Number of protein chains: 2
Amino acid sequence: MKKVFIYGTVLGFLILGLKFAEYRFLIKSNSFEVYAGLIAILFAIVGIWGGSKFVKKKEILVVKEVLVQPTENFSVNENNLKQLGISKREHDVLMLMAQGLSNQEVADKLFVSLNTVKTHSSKLFEKLNVQRRTQAVQEAKKLGLVP
Amino acid sequence: MKKVFIYGTVLGFLILGLKFAEYRFLIKSNSFEVYAGLIAILFAIVGIWGGSKFVKKKEILVVKEVLVQPTENFSVNENNLKQLGISKREHDVLMLMAQGLSNQEVADKLFVSLNTVKTHSSKLFEKLNVQRRTQAVQEAKKLGLVP
DNA sequence: TCCAAAATCATACTAAAGTATGAGCTGAAA
DNA sequence: TTTCAGCTCATACTTTAGTATGATTTTGGA
């Protein structure tokens, strides 16, 4: 509420300024209507300016909810990884698998053969106690092994 | 911008009113300072009132990020479904597929044959523009088609 | 009522996924 | 140095996934 006094003071000085000007030149060189009009315009502007400062306080909160995948600020749950005995390479395969890549695509990305990927994923399924890659991805996400 | 004219008109009428009053009683029964002060106060109020109408337009947008929780507060994005031309049955298959079920398991759950599920999923992949079920699940989650 | 879309299923494929087993290589720990 | 876990790859196989095509039946809406 400190601002109230600030604006009040500003208004006070403006009025003083007007009264001072009244006895100087404005009242002498202009008609009454012009003077009244100037006051009107001036204070309308002051009102708009000052008013906006207060009205801005009455913010209209528009809360827009945005769905965000927990991909950011993700860190692998190393504990679960160790618990299940999942090796580094197996985890690599799991990560790419979770991105929807085929075994062949994973093999290409990791510069290994298709058979190697199959071996890794097979052991992976055993450790995750699942049968299919889709289930593996689900389980891995639940365990915080992949984003 | 229509409101600008409305406020302008209101201001115009106020000025006319003041000029009218000027030749009636106000100017005769009060001193010039009082009259000027009244104009100042009046237009300050008008300014605050009018200005607030515009300022209110400036909404404060607060983006609240909500992490996607697999099960809670999920609702299917019907819009995307329609956009992609995914039928009800195809969506059923998609939902179960996203749960890591095999085609055979999906068939059992929906009381249809394995071939039917294959047909559905095949069309599904086409509509989702993917080749594999793992990619389909990914895309579906991104589009809010499945939890 | 009539029709197009949806749903169902089949056959016959090809492609990919997954399993089982064995083996060679390597680096680190015992 | 030996041992061992992890990584690699191969062969051979079974299972599941996915494609293509065609047919029949439901069904919701003009």
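All values reported here derive from a predicted model rather than from experimental measurement. Here is the naming used below: chain letters follow the sequence lines, and residue numbers restart at 1 for every chain.
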[X] [atom1] to [N] [atom2], straight-line distance once rounded to whole Å:
X	N	atom1	atom2	value
E105(B)	dT15(D)	CD	P	16 Å
L114(A)	dA17(C)	CG	C1'	9 Å
Q104(B)	dT14(D)	CD	C1'	15 Å

Short of 4.0 Å, heavy atom to strand atom, which residues of residues 123-146 of chain A count as contacting DNA chain C?
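F125(A), Q131(A), R132(A), R133(A) - these, ordered by number, are the residues of the stretch whose heavy atoms sit under 4.0 Å from the strand.
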**Prompt:** Which of residues 81-93 of chain A have a heavy atom under 4.0 Å from DNA chain C?
**Reply:**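 Listed by number, there are none.
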For [N], take OP1 and OP2 only and decide whether either is under 4.0 Å from a side-chain N or O of [X].
X	N	result
H120(B)	dA7(C)	no
N103(A)	dA16(C)	no
T119(B)	dA7(C)	no
T116(A)	dC9(D)	yes

> Between K118(B) and L101(A), which is nearer to the 5' end of DNA chain C once each is assigned its nearest nucleotide?
Replying inline: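 Nearest-nucleotide comparison on DNA chain C picks K118(B).
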query = Is the number of heavy atoms from other residues, nucleotides or ligands under 6.0 Å of K109(A) NZ greater than 12?
reply =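 No, because the 6.0 Å sphere around NZ of K109(A) holds 12 heavy atoms or fewer from other groups.
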Task: Within 6.0 Å of NZ in K127(B), more than 12 heavy atoms from elsewhere - done: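 Check passes, neighbour count above 12.
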_Would a single hydrophobic cluster contain both V112(B) and M95(B), if residues Ile, Leu, Val, Met, Phe, Trp and Tyr are joined by side-chain heavy-atom contacts under 4.5 Å?_
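Per the 4.5 Å side-chain linkage, M95(B) and V112(B) are co-clustered.
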Check: Is L110(B) linked to L114(B) within one hydrophobic cluster, defined over Ile, Leu, Val, Met, Phe, Trp and Tyr using a side-chain heavy-atom separation of less than 4.5 Å?
Finding: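 No, because L110(B) and L114(B) fall into different hydrophobic clusters, even though each may have its own neighbours under 4.5 Å.
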